[in-house]
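Below, chain A is the first sequence line, B the second, and so on; all start at residue 1.
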Protein chains: 2
Amino acid sequence: MRTLRYYDEINLLTPAGKTEGGHRLYGEKELKKLQEIQFLKTLGFSLKEIKEMLSDENWNWSQGLQSQLNYILDEKEKIINIEKTLIGLINSLRIDGAIDLIEINKLIQLYQDDFERRKVYRKRMFHEKERQLLDLLPNVNSLDPDSLEWVSLLGQLKQHMEKGVEAPEIQRIVGRIHEKSIETFGENDDFFDKLWEIRKSPEKSNKAGFYPIEQEVLNFFDKAWQVFQEKQRKEEG
Amino acid sequence: MRTLRYYDEINLLTPAGKTEGGHRLYGEKELKKLQEIQFLKTLGFSLKEIKEMLSDENWNWSQGLQSQLNYILDEKEKIINIEKTLIGLINSLRIDGAIDLIEINKLIQLYQDDFERRKVYRKRMFHEKERQLLDLLPNVNSLDPDSLEWVSLLGQLKQHMEKGVEAPEIQRIVGRIHEKSIETFGENDDFFDKLWEIRKSPEKSNKAGFYPIEQEVLNFFDKAWQVFQEKQRKEEG
DNA sequence: TCTTGAAAGTGACGTTACGTCATCTTGTAT
DNA sequence: ATACAAGATGACGTAACGTCACTTTCAAGA
């Protein structure tokens with residue numbers, strides 16, 4: 001009811017007549033118009049725009065709809081960006097256990113501004129084939145099962161860190177990370193080492209556009225990884 | 001500048017001090033806070049919410065981000081619906097050439113049903129209690145890394161299901177599930193129960209990165225599991 | 001015809017995150 | 001000392017209603 005009063009106020013939809021007492025009376029025509037208004041509203045038009053459209057006999061619908069579509073597409077892009085950022089935050093929160101909003105913000109800025117430079121850097125560091133593998137890297141900004149497995153593994157590592165690198169829990173997690181990386185990158189150890197070198201250095205990671213992981217966790221994994229490899233060698237040899 | 005005045009008014013960000021004349025002075029700390037505010041704003045939080053988050057020492061970030069993500073996903077869905085409708089309209093315009101309100105009205109009829117369905121608005125659940133009422137469901141984003149690994153593994157299984165039980169991708173995933181289950185339950189293989197337990201929860205929503213574990217997936221896993229065991233026996237025997 | 005209670009009317013303020021005047025005061029460079 | 005840019009203050013405007021508080025009208029039953 002409030003709505004009808006408002007539409008009346010702004011002359012968007014005036015009642016067909018009024019009773020002596022002032023009650024608003026609407027006819028068939030007005031009902032139809034109301035439906036039109038509701039419909040256009042769901043398309044995201046403002047009442048002002050709707051008023052214009054409905055009152056202009058020669059309104060150019062195709063142009064109006066097109067520009068509305070453009071606007072909506074813009075909004076969609078914005079929302080998708082927010083979504084990605086939120087997912088990234090949630091994942092990194094899981095890996096690191098804490099967040100520094102400002103650091104993350106910087107990263108995002110960097111990510112947005114520096115896309116080109118990062119591409120160049122990656123080109124310098126990796127061959128064609130390796131770059132294809134790079135695209136397989138877990139994407140913190142997504143919730144697909146594959147990325148989630150990485151996130152969960154790193155998160156568990158962090159969780160059990162206090163138990164030390166030799167703890168069986170840790171070694172099992174490292175084992176699964178190993179397998180996962182074989183699945184992702186193949187048996188290509190060179191590539192893995194190279195990646196790991198970059199990963200370990202915050203600056204290089206940053207340049208390459210890798211998602212930052214706490215240094216502590218990285219160092220811990222490095223040690224645990226060495227233990228793991230030694231054990232494997234022993235078993236084999 | 002207007003912005004700073006406003007933040008001061010609502011006690012979101014008060015200046016570190018003022019000059020005799022009343023000019024606002026901001027220090028390093030305030031600058032940082034301002035940046036945080038700006039960042040959170042880009043994520044779609046309202047100033048009221050931001051105020052709460054930043055002033056609460058024990059703010060539950062993971063939950064807050066999560067509910068914001070849900071809200072954003074909702075918005076995204078709405079926008080995508082608008083987009084579809086607009087595209088539909090534009091296309092039908094192209095076919096018919098001229099369109100007038102009569103045409104639009106036909107389409108209104110078409111979409112009318114949708115309106116009705118969409119009237120069940122979901123509100124944004126910012127506060128814990130409100131959420132607890134409506135969604136008790138475990139959501140990937142609120143899971144601990146350990147459970148997350150399960151979800152991610154099953155999710156990957158589902159992703160590659162079409163390749164058949166014998167596919168190497170599948171067998172590798174099954175292998176990791178096997179290891180994970182040993183870690184969790186020991187050598188006895190009763191982790192099927194666990195799977196069924198996980199299965200009980202979902203169904204409600206599979207957006208928001210929520211992975212329902214369907215019957216189909218479980219059946220598939222069952223078969224793949226048998227293949228896996230056979231292979232192992234062969235290797236051993 | 002009178003009563004009565006629900007529905008409708010009116011007016012006003014609240015909502016968000018500032019933008020934009022108009023007017024006044026301060027800080028600072030010359 | 002003076003001039004002038006920059007900041008402060010207060011106020012109104014924004015979009016589309018929601019939500020009081022209070023009054024009036026309409027239609028049905030006695």
Side-chain angles (χ1 to χ4, degrees), chain A residues 1-27 30-31 33-55 64 67-68 71-72 74-75 78-79 81-82 101 105, chain B residues 1-27 30-31 33-55 64 67-68 71-72 74-75 78-79 81-82 115 118-127 130:
Chain A
M1 294 296 89
R2 182 61 235 260
T3 305
L4 292 178
R5 180 147 67 108
Y6 183 62
Y7 292 173
D8 192 5
E9 259 175 50
I10 64 172
N11 282 318
L12 171 58
L13 177 67
T14 48
K18 293 204 180 192
T19 68
E20 276 180 62
H23 283 187
R24 277 172 260 267
L25 299 172
Y26 295 90
E30 281 75 23
L31 241 147
K33 187 166 177 184
L34 180 60
Q35 286 190 325
E36 288 165 5
I37 293 172
Q38 303 286 12
F39 177 65
L40 292 171
K41 246 180 20 135
T42 66
L43 296 184
F45 289 104
S46 74
L47 294 188
K48 207 195 226 168
E49 290 163 335
I50 294 175
K51 191 172 160 188
E52 235 180 288
M53 300 184 209
L54 294 185
S55 61
S67 78
Q68 182 67 3
Y71 170 70
I72 286 294
D74 239 52
E75 291 297 299
K78 277 187 213 159
I79 282 227
N81 273 328
I82 293 180
L101 291 176
N105 189 11
Chain B
M1 294 295 88
R2 181 59 235 261
T3 304
L4 291 178
R5 180 147 66 109
Y6 182 61
Y7 291 170
D8 191 5
E9 258 175 52
I10 63 173
N11 281 320
L12 171 58
L13 178 67
T14 47
K18 293 205 179 190
T19 67
E20 278 179 62
H23 283 186
R24 277 173 261 268
L25 299 173
Y26 295 90
E30 282 74 24
L31 241 147
K33 189 166 177 185
L34 181 60
Q35 286 186 321
E36 287 172 353
I37 293 171
Q38 303 287 13
F39 177 57
L40 291 171
K41 251 186 8 144
T42 66
L43 297 182
F45 288 105
S46 75
L47 293 188
K48 206 198 227 165
E49 291 163 335
I50 293 175
K51 193 174 160 186
E52 234 185 296
M53 301 188 227
L54 293 185
S55 62
S67 76
Q68 181 69 3
Y71 170 70
I72 287 294
D74 242 50
E75 292 297 298
K78 276 187 213 159
I79 282 224
N81 275 326
I82 294 179
F115 291 171
R118 230 167 282 154
K119 265 185 186 159
V120 194
Y121 290 115
R122 245 171 302 162
K123 265 208 312 195
R124 183 176 187 178
M125 297 163 292
F126 187 63
H127 291 283
E130 295 173 47

N/O (side chain, B:R24) to phosphate O (OP1/OP2, D:dG7) under 4.0 Å: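 So the side-chain polar atoms of B:R24 never come under 4.0 Å of the phosphate oxygens OP1 or OP2 of D:dG7.
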Residue whose nearest DNA chain D nucleotide is more 5′ - B:G21 or A:G22: B:G21
Pairwise 5' ranking along DNA chain D for A:H23 and A:L47, keeping only the more 5' one: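 The residue mapped nearer the 5' terminus is A:L47.
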Closest approach of A:L47 to A:I37 (non-hydrogen atoms, all atoms of both residues): CD2-CG2, 4.4 Å
Distance-minimising heavy-atom pair for B:G27 and B:A16: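 Looking at all heavy atoms of both residues, the shortest contact is N-CB, 4.0 Å.
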Salt bridge present between A:E75 and A:K78 (N-O < 4.0 angstrom): yes
A:S46: side chain to side chain donor-acceptor pair (under 3.5 Å) partners, not counting sequence neighbours: A:E49
Chain B footprint on DNA chain C, 5' to 3' - any atom under 4.0 Å from a heavy atom: C:dT16 to C:dG27
A:K18 and A:R24, any side-chain heavy atoms less than 4.5 Å apart: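 They are in contact (side-chain heavy atoms under 4.5 Å apart), so the answer is yes.
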Residue pair B:L34 / B:L4, side-chain heavy-atom distance below 4.5 Å: yes
Whole-Å gap separating C1' (D:dA6) and CE (B:M1):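 It works out to 10 Å between those atoms.
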Interface with DNA chain C, restricted to residues 2-9 of chain A and to heavy atoms under 4.0 Å: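 Within residues 2-9 of chain A, the residues near DNA chain C are A:R2, A:R5.
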Exam field: side chain B:T14 to backbone B:N11, donor-acceptor pair closer than 3.5 Å: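 The answer is no, because no donor-acceptor pair under 3.5 Å joins these two groups.
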Exam field: side chain A:K33 to backbone A:L54, donor-acceptor pair closer than 3.5 Å: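 No; zero donor-acceptor contacts below 3.5 Å.
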